[in-house]
Each structure stands twice: as structure tokens, then as C-alpha cells.
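Remember, predicted model here, so these are calculated numbers, not experimental data. Below, each value reflects all heavy atoms present in this structure, side chains not excepted, and no hydrogens, waters or symmetry copies. Throughout, protein chains are lettered first and strands after them, A, B, ... in sequence-line order, and every chain is numbered starting at 1.
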There are 2 protein chains.
Amino acid sequence: MGNEKQVDAGREQVDTDAFLRSVARLHRLATRNAANLDVPPAQMRLLALVSDLGPARIGDLAEADHSSQPTMTTQVQRAEAHGWLTRTPDPDDARASLIALSPKGGRQLAAARAARTAAIAPLFAELGPRDAATLNRAVAIVDRLLTNPSPD
Amino acid sequence: MGNEKQVDAGREQVDTDAFLRSVARLHRLATRNAANLDVPPAQMRLLALVSDLGPARIGDLAEADHSSQPTMTTQVQRAEAHGWLTRTPDPDDARASLIALSPKGGRQLAAARAARTAAIAPLFAELGPRDAATLNRAVAIVDRLLTNPSPD
DNA sequence: TTGCAAAACATAGAGAATCTATCTAATGTA
DNA sequence: TACATTAGATAGATTCTCTATGTTTTGCAA
């Protein structure tokens with residue numbers, strides 16, 4: 001029947017379940033190997049996000065991160081307590097603040113990225129150039145999907 | 001300079017940091033969209049794992065899942081309480097038990113997979129066949145990396 | 001065969017990451 | 001001016017995970 005894995009060449013679809021499972025397993029492995037780092041995973045995500053977005057409001061960060069506003073409030077408070085983020089009043093709206101990466105936060109992000117890469121990169125070492133290229137292309141595709149304003 | 005993204009054709013390497021970040025963002029999105037399901041993420045991972053491995057000991061499950069033994073003990077106890085997993089004494093070792101998927105667990109796994117797929121698949125709907133094929137290939141590569149006995 | 005280190009699992013305690021529900025304060029508009 | 005809306009903050013509860021430690025079997029060795 002050739003239904004081995006909808007490889008139908010012409011209208012191939014993503015095997016969503018396999019995809020999600022791989023993501024979950026990868027995330028498990030990544031957070032485990034990064035457990036000894038001094039920046040917890042959610043804080044990493046936040047620092048990288050603020051680094052990309054520049055000064056942004058809590059609500060915007062929550063939306064971009066696909067998390068709830070209370071969650072983002074808490075994460076920002078933690079990062080602020082570490083001195084990684086700064087908060088300035090939004091000149092246009094007294095209810096809001098603008099969250100930005102501090103110099104210390106920038107250094108911490110760079111250091112954590114390096115440490116995290118050092119911890120995980122060996123896993124990829126055995127991959128040939130073809131497979132590595134495939135993974136890089138997959139990352140680009142996913143990033144595009146995640147960054148686009150979800151159309152629903 | 002063309003160092004845009006180590007695309008050097010010949011000795012391309014995985015951009016580990018971008019890769020890990022995408023995984024973290026995907027995991028965030030996936031767990032959020034699956035939040036209303038009745039099988040929490042870690043339990044999903046466990047049921048899928050047991051479904052693959054067949055009857056296995058706690059320690060083997062922990063190793064395959066890249067998590068600690070106490071964590072696996074807890075997760076197994078929860079799944080057991082739901083009637084999703086069964087525990088039988090290991091005939092070869094009175095200290096150990098063999099964990100297996102119950103019929104109810106199998107049904108729950110299938111249902112949860114379907115629900116999860118329905119929740120996430122729309123994200124992939126807009127992808128063309130080329131991109132879908134790339135993602136499927138990436139999943140295969142990653143699964144191979146994750147399943148191989150890590151050589152360290 | 002007894003004794004003890006090792007192995008397999010369970011328990012305790014703590015911290016991170018989330019969510020929903022709700023509260024406060026500022027905006028904007030009728 | 002009054003009231004609905006919006007931006008964040010707070011409270012309380014889960015889930016998920018870890019390290020440290022305890023308990024029971026095993027298995028080997030004297």
C-alpha cells in the first residue's frame with residue numbers, strides 16, 4: 001500500500017504526531033543537558049525574544065512567546081530581579097512599561113547560548129552535511145511558521 | 001561575506017543555538033495548544049514510549065526518556081492511577097516491575113494523538129510539499145539521534 | 001553461608017514554568 | 001462624568017523535574 005509515511009511526492013504532508021513527539025523529546029533532552037546552566041529555559045526564551053524584539057510591552061512579549069500575560073509578567077519580574085532586563089515607563093501609556101535587554105542581560109544571553117551550544121552540539125557532530133543542511137532548513141521553516149502572525 | 005548562516009556547501013554544520021531555540025518555541029506552542037487535552041505532555045511522552053518499547057522497567061524508561069529515575073517513577077505512578085499503564089513483577093528480579101500499556105492506555109494514547117494533531121496540524125497546512133518533506137526528513141534525522149544509545 | 005557493595009525502585013522536599021481567575025489602575029469614549 | 005476596555009499584577013493550583021536519601025533485592029566473595 002505504500003502508506004509507510006505519506007511520502008506521496010506531490011502532496012506530502014507533515015506527520016504532525018511524529019513531529020510533535022520529536023519536539024517533546026528534543027526539548028526534554030535539551031533542558032536536561034542545560035540543567036546546570038545558570039539561566040533556566042524559560043528565561044533563555046525570554047532574553048532571546050527581547051533581544052530580537054527590542055523594547056516591548058509585556059503583552060506583546062506574551063503574544064510573541066505564545067504564553068499568557070501572567071506568565072510573562074512573572075518571567076519578566078524574575079529576569080528583572082537578575083538585572084537582565086530593564087523596565088521603563090511607556091511614554092504613550094502609563095499602564096504599560098517597555099521591557100528591554102540590559103547590557104548585563106546581553107552578556108548573560110551570549111554566555112548561556114555558548115554554554116548551551118557546547119552542551120548539545122556534540123549530538124550533531126556525527127551528522128553529515130546533508131543531514132545538517134536539512135535540519136537548518138527545517139529550523140528556518142519552523143521559525144517562519146512561528147513568527148508569522150497566526151492567521152486564525 | 002556570505003557567512004549568513006554557515007551555508008558552506010560541503011561542511012555545513014547545524015546551527016545549534018537556532019535549533020534549540022526553535023525547539024523551545026515549538027514546545028511552548030505545542031503544550032499551549034494541547035493544554036485543554038486530558039493527557040498532560042509528560043504523560044503523552046510516557047505512553048508513546050511504553051507503546052514503542054513494550055513492557056519495560058522503570059530504569060529503562062527513564063534512560064530512554066532522558067529523565068531521572070525518580071521522575072519516571074512519579075510519571076508511571078500517575079499513569080498507573082489513571083489505568084493507562086499496568087505493572088507486573090519482573091520474573092527475573094524482585095526489585096523491578098515491568099510497565100506495559102493497558103488497553104485503556106492504548107485508547108487514550110490514540111485519542112490524545114488525534115486531538116493533538118487536530119490542534120496543531122492547521123499550522124502546517126500552508127506549507128508546500130517541499131517544506132513538508134523537509135520537516136519530515138528532519139524528524140527522521142532527529143529520531144535517529146535521540147534513539148541511538150548516546151555514545152558518551 | 002554469611003556479609004556487604006551495588007542495583008532498582010520509592011519517598012521527600014524543593015524549584016521552575018504554566019494556567020485561570022481576579023484585582024487595580026489608566027484609557028478612551030459616549 | 002460614567003463606564004466599558006485595556007495593560008499589568010497578584011493569588012492559587014498543577015505539572016514536571018531534579019537531588020538526596022531510604023528500602024529491598026541481588027550477586028559476589030570471603
Side-chain angles (χ1 to χ4, degrees), chain A residues 23-47 49 55-82 84-85 87-99 112, chain B residues 23-47 49 55-82 84-85 87-99 112:
Chain A
V23 166
R25 297 216 292 162
L26 275 169
H27 185 255
R28 179 80 275 282
L29 181 67
T31 58
R32 182 177 184 70
N33 282 41
N36 30 351
L37 307 187
D38 42 2
V39 184
Q43 296 276 293
M44 274 296 284
R45 236 173 47 232
L46 173 56
L47 295 187
L49 183 62
R57 292 149 61 124
I58 298 261
D60 295 335
L61 293 175
E63 185 181 347
D65 190 52
H66 300 284
S67 59
S68 71
Q69 170 264 308
T71 293
M72 188 51 71
T73 290
T74 302
Q75 289 298 333
V76 165
Q77 285 171 344
R78 278 219 285 155
E80 233 185 319
H82 278 97
W84 296 334
L85 296 181
R87 180 190 294 251
T88 46
D90 183 336
D92 296 337
D93 190 337
R95 292 169 300 180
S97 310
L98 294 178
I99 310 300
Chain B
V23 167
R25 297 216 292 163
L26 275 168
H27 185 256
R28 180 81 275 280
L29 182 67
T31 57
R32 181 177 183 71
N33 283 41
N36 30 352
L37 308 186
D38 42 2
V39 183
Q43 295 277 292
M44 274 297 283
R45 237 174 44 233
L46 173 56
L47 295 187
L49 183 62
R57 293 148 61 121
I58 298 260
D60 295 335
L61 293 175
E63 185 182 347
D65 189 53
H66 300 283
S67 59
S68 72
Q69 170 264 310
T71 294
M72 188 51 71
T73 289
T74 302
Q75 289 297 333
V76 166
Q77 285 171 343
R78 278 219 288 156
E80 231 185 321
H82 277 97
W84 297 334
L85 296 181
R87 179 190 295 250
T88 47
D90 184 336
D92 297 338
D93 189 338
R95 294 168 298 179
S97 310
L98 294 177
I99 310 301

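Between D92(A) and P40(A), the residue anchored nearer the 5' end of DNA chain C, judged by the nucleotide with its closest heavy atom, is P40(A). Take the nearest nucleotide of DNA chain D for R45(B) and for Q69(B): the residue whose nucleotide is more 5' is R45(B).
Rounded to whole angstrom, the span from the CG atom of D90(B) across to the C1' atom of dT26(D) amounts to 12 Å. The distance between atom CG of L98(A) and atom C1' of dG8(D), rounded to the nearest whole Å, is 13 Å. One atom, CD of Q75(B), and another, P of dT11(C), lie 15 Å apart when rounded to the nearest Å. Summarising the geometry, the separation between NE2 on H27(B) and C1' on dA16(C) is reported as 13 Å, rounded to the nearest angstrom. One can place CZ of R25(B) at 14 Å from P of dT18(C), the figure rounded to the nearest angstrom. Counting to the nearest Å, the P atom of dT6(D) and the CZ atom of R57(A) are 12 Å from each other. The distance from atom CD of E80(B) to atom C1' of dC9(C) is 12 Å, rounded to the nearest whole Å. Distance, I58(B) CD1 to dT25(D) C1': 16 Å, rounded to whole Å.
Within 4.0 Å (heavy atoms only), P41(A) reaches sugar-phosphate atoms of the nucleic acid but no base atom. Contact annotation for D93(B): backbone-only contact, meaning every heavy-atom pair under 4.0 Å involves sugar-phosphate atoms and none involves a base. S67(B) comes within contact range of the sugar-phosphate backbone alone, with a heavy-atom separation under 4.0 Å but no base atom that close.
Applying the side-chain contact (heavy atoms from CB on, under 4.5 Å) test to P55(A) and every residue at least two apart in sequence or in another chain returns L98(A), A100(A).
Within the 4.0 Å cut-off from OP1 or OP2 of dT11(C), at least one side-chain nitrogen or oxygen of Q77(B) is found. At the phosphate of dC19(C), OP1 or OP2 sits under 4.0 Å from a side-chain N or O atom of R28(B). Residue R32(B) places no side-chain N or O under 4.0 Å from the OP1 or OP2 atom of dT18(C). Of the side-chain N and O atoms in R87(B), none sit less than 4.0 angstrom from OP1 or OP2 of dA8(C). Phosphate contact (OP1/OP2 of dA10(C), side-chain N/O of T73(B), threshold under 4.0 Å): present. The side chain of R95(B) contributes no N or O atom lying less than 4.0 Å from OP1 or OP2 of dA10(C).
For E63(A), the CD atom sits in a loose shell: 12 or fewer heavy atoms of surrounding residues, nucleotides or ligands are nearer than 6.0 Å.
For the pair D90(B) and R95(B), the minimum side-chain heavy-atom distance is 4.5 Å or more. Counting heavy atoms from C-beta outward, L61(A) and Q75(A) have side chains that stay 4.5 Å or more apart. Contact check for D65(A) versus T71(A): no side-chain heavy atoms found under the 4.5 Å cut-off.
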